[in-house]
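Written below as structure tokens is the structure these notes are about.
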Amino acid sequence: MSDSVVHLHKDTEPATVTTLTVVPDPAPVAPVPLWVRSGRAIKTAATHEKTTTTARAVARHSLYVAGGARIVARRTWDGRTTARYERYMRAAEAAGNMEAAAEWEERAQRFRDARHRRRMDLLHSPVDAAKGALVGTGMGIGGLVALGVVLAIANKDVSDVITPIAAVIQFIALMIRIVQIVWGPALTIGPFLALLALWAVGSKQHAAPAWALPANTRSSEGEPITPSIVVKALRDLGVAPLRGAIKEMGDAGASMLGPIRIAGCGVEVDVTLPSGVSTNEVQKRRRKLAENLTRHEHEVFITIPQAARTVRLWIADSGALDEPIGPSPLVTDDTLKADYAKGRAPWGQDLRGDAASLSLYQRHLLITGLSNQGKTAALRALALWLALDRSVEFWMGDLKGVGDWAMFDGLATKLIQGPTDDHVIQVTEMLEDAVQEMNRRLQAPPGTEFPLLLVTVDEAQVAFMCPVKDEEKRPYGGSSSTSRYFMAARKIHNQGRAVNVLLWQGTQDPTDQNLPKLVREGAHTRASLALGTEAQARMALGDKAVDGGAAPNLLRPGLDKGTLVIASDGIEIPKGQSSITVRTHYISTDDAKEIAARARALRDGVTTLHVIERGEERDPLADIASVVGTAVRVRTMDVLTRLAALNADAYGKWSFIDLKRVLDGTGAEPYKSDGVMVIGRDRLARALANRDDEGSASVSE
């Protein structure tokens, strides 16, 4: 036991008790054995980054030589035998292409015939060479003698006869001397040159294991897509029948591939799968396939074309999808006009880089996606294009209410903006008014043509989730047969397109609660931004599109803003596919205001109703003046239409006679202009100014 150190602490006061503290000596530490310290040092040195890098470099360059020898041997063997032709034949047979197999067999037979002729020629070549050498030598000596005679005559010296022969002998002696000097070093350096040549071949082909390659070679980020890369990616996909079939094909596994075509900012290739491999086995391994191709998951798209047992791969150039596309033609071309019936709205670019345009004629529309992914911008871009067709009438409900649709003030007949239950009630009543207008049009004489009435509801999930009930206990939201919004949407979906009454909806995060099945399946054009799950993708686009390769759930939230997966017959989709991916043009709010201003200039003036008023007394003369607006004159039929939109209960059943009855005696009676009955703005203003202080007759709702 070690000695202790005793410390006495005594206070200055007499009454203080003296304390005794015992501090033990620290326990002795045993010295670390030398062999342990040496082992740690060796381990540190062996695992140091410089050591591992050096070892990997030595192994890599050594394996380059072995790999180069293997490649050269394989090339030599292929060049001297029919091995290459046999691989191609097996590949063609595995793909079921017997015509190609027969062609390769014929080429192999031609190669054998040519090789047999060369071997037979070799049997006779020594005799022929000897004969040629004797003849050539005799002729050569005779020529040299003749040349010497000429020189002797010219120089008048008989010794010049042998000068040419002596010169040739000296030259041969010089060549022998040079060979004697070079031969020794050549024998020494030759093997090193051969190894260097093999190393060069192996280095160029990266003929070493992945662990030995440098980091930049192993990643191969953005490397060009070649048939061998695609075949290797498929081989390493983890599908046993596919790997076995490719192994059987040898290097000719590329026969599964169609031509690799440039397609926009990437390439496209069709892959015919071997028997026993289904297309969904490749589809569900999209991430692994992308990584095998040195791409990110969002840079590889797998679709199912019309051909059987075939998948179509679109592989983006590395990083290309992160670059923005150009501006919308609506922004760059201020002379652009729209045609609802025959035109197509410029919406963006497909993955090939081609312009993607959408026909809106008699097609209900649904756009969905996670919040803040560009849904409103994509929906608004289509509405802005339609606004350049002066015949289109807009009824709009924005249940977000932050001003995303404010530029349609003066374009839309009805514009309701706000997120509250009161706004949901007003939007629901707007849809019910659209149903009444649809029924009126359906009862019109056959052959009557109607302009488009477009009813747009952004953030429609707010309406479906609204818990409020009316006086009759009917809910505004929900998906039951008593739900007012749901039933109005269903009625427009059922019959609206026949008389050009269309419903467009934008909604977030689709579920059965905020987007009922019957409503989402009633849309002819269904588009989706980034979503969270495959189940949501099926709700947004339908089972057929998702089974065909549509995968909005694989888009990157926040990074793929404005990228839509679309299922519609209104857009050109490659043959055999059920959907297309489009990167939409972004139109900023300021640009949208400029486009809306151009659209307002095409119209006579539209009075926008922001609140649907119910159950109040109306002033018909003032309402007529309000719907005429700033236009100098407006056709009476247009005035009736605007009055009905202003308040369907008060003016929905008005005819020309009712209009004339109110205006008779006011000085603002309808009159003819260019053969059409119109109502003048200035006359209405004078009538209102001169009206008796007691007011005019009113219409009670």
Side-chain angles (χ1 to χ4, degrees), residues 338 340 376 379-420 422-434 436-437 451-459 501-504 506 589-590 592-614 616 618-635 637-652 654 679 681 684-685 688:
Y340 159 66
T376 297
L379 189 62
R380 189 176 66 187
L382 298 178
L384 287 170
W385 179 78
L386 269 183
L388 298 175
D389 183 340
R390 58 179 300 174
S391 68
V392 178
E393 182 178 0
F394 296 95
W395 293 4
M396 292 183 165
D398 176 16
L399 294 178
K400 184 190 299 180
V402 295
D404 288 338
W405 297 86
M407 69 287 302
F408 279 85
D409 193 355
L411 282 175
T413 307
K414 299 178 181 179
L415 178 59
I416 301 167
Q417 302 178 89
T420 68
D422 289 337
H423 292 100
V424 172
I425 293 172
Q426 293 179 32
V427 168
T428 301
E429 292 174 345
M430 179 181 72
L431 258 68
E432 292 174 338
D433 290 344
Q436 293 182 9
E437 172 63 16
L452 171 62
L453 171 59
L454 178 60
V455 183
T456 303
V457 181
D458 196 9
E459 306 296 342
V501 177
L502 299 183
L503 176 60
W504 288 6
T589 301
D590 292 338
K593 291 178 180 178
E594 294 182 5
I595 298 169
R598 297 205 308 262
R600 278 191 289 271
L602 298 175
R603 300 167 187 255
D604 294 331
V606 176
T607 301
T608 299
L609 179 65
H610 295 279
V611 178
I612 299 178
E613 300 171 350
R614 300 285 182 179
E616 63 176 334
R618 309 291 310 184
D619 183 347
L621 187 60
D623 285 345
I624 293 171
S626 68
V627 299
V628 169
T630 58
V632 176
R633 62 186 68 85
V634 178
R635 294 187 304 175
M637 290 302 298
D638 291 341
V639 172
L640 289 172
T641 300
R642 296 178 184 181
L643 286 172
L646 180 65
N647 193 295
D649 292 341
Y651 305 116
W654 267 34
I679 296 175
R681 176 194 61 192
L684 280 171
L688 287 171

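Because only heavy atoms are used, hydrogens play no part in the values below, and waters and symmetry mates are left out as well, while side chains stay in. Nothing fancy with the numbering, it's 1 onward along the sequence.
Proximity of Val501 to Trp395: side-chain heavy atoms (C-beta onward) are nowhere separated by under 4.5 Å. You'll find the side chain of Trp504 reaches within 4.5 Å of the side chain of Leu382, heavy atoms only. In this structure the side chain of Glu429 reaches within 4.5 angstrom of the side chain of Ile425, judged on heavy atoms. Counting heavy atoms from C-beta on, the side chains of Val455 and Leu503 come closer than 4.5 Å. Arg642 places none of its side-chain heavy atoms less than 4.5 Å from the side chain of Thr413. Contact of the Leu454 side chain with the Leu502 side chain is registered, since non-hydrogen atoms from C-beta on lie closer than 4.5 Å. Looking only at side-chain heavy atoms (C-beta outward), Asp619 and Leu621 come within less than 4.5 Å of each other.
Side-chain N or O atoms of Thr456 include none that pairs as donor or acceptor with a backbone N or O of Met396 at under 3.5 Å. Counting only distance, with no hydrogens or angles, the side chain of Arg603 and the backbone of Gly410 share no donor-acceptor pair below 3.5 Å. Not one N or O on the side chain of Arg600 forms a donor-acceptor pair closer than 3.5 Å with the backbone of Val606. Under the 3.5 Å distance criterion, the side-chain polar atoms of Ser391 are left unmatched by any main-chain donor or acceptor of Pro451.
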Could you please spell out the steps behind the side chain to side chain contact (heavy atoms under 4.5 Å, CB included) verdict for Val427 and Val457?
CA-CA 8 Å; Val427 168; Val457 181; 3.9 Å; yes

Self-check item: Candidate pair Arg681 and Leu684, rule side chain to side chain contact (heavy atoms under 4.5 Å, CB included), full reasoning
Solution: CA-CA 5 Å; Arg681 176 194 61 192; Leu684 280 171; 5.9 Å; no

Go through the steps to decide whether Leu384 and Phe408 satisfy the test side chain to side chain contact (heavy atoms under 4.5 Å, CB included), and finish with yes or no. CA-CA 9 Å; Leu384 287 170; Phe408 279 85; 3.8 Å; yes

- Show your working on side chain to side chain contact (heavy atoms under 4.5 Å, CB included) between Lys593 and Thr589 and close with a plain yes or no. CA-CA 6 Å; Lys593 291 178 180 178; Thr589 301; 3.9 Å; yes

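Note that CG of Leu411 is 9.0 Å distant from CG of Leu388, once rounded to the nearest 0.5 Å. Annotation: the span from Leu399 atom CG to Asp458 atom CG amounts to 8.0 Å, rounded to 0.5 Å. Annotation: the span from Thr608 atom OG1 to Asp409 atom CG amounts to 4.5 Å, rounded to 0.5 Å. Atom CH2 of Trp654 sits about 6.5 Å away from atom CG of Leu643, to the nearest 0.5 Å. The distance from the CD1 atom of Ile595 to the CE atom of Met407 is 9.0 Å, given to the nearest 0.5 Å.
Nearest heavy-atom pair, Ala383 versus Trp405, reported as atom, atom and distance to 0.1 Å: CB-CZ3, 3.9 Å. Nearest heavy atoms, Leu452 versus Leu386: CD2-CD1, 3.9 Å. In terms of heavy-atom proximity, His423 sits nearest to Gly418 at CB-O, 3.3 Å. Across every non-hydrogen atom of Ala387 and Ala599, the tightest pair is O-CB, 3.4 Å.
With sequence neighbours left out, the salt bridge (Lys or Arg N to Asp or Glu O under 4.0 Å) criterion links Arg635 to Asp638.
Residue pairs that meet the salt bridge (charged side-chain N to carboxylate O under 4.0 Å, His left out) test with at least one member in residues 385-401, sequence neighbours left out, are Arg390-Asp604, Lys400-Asp404, Lys400-Glu459.
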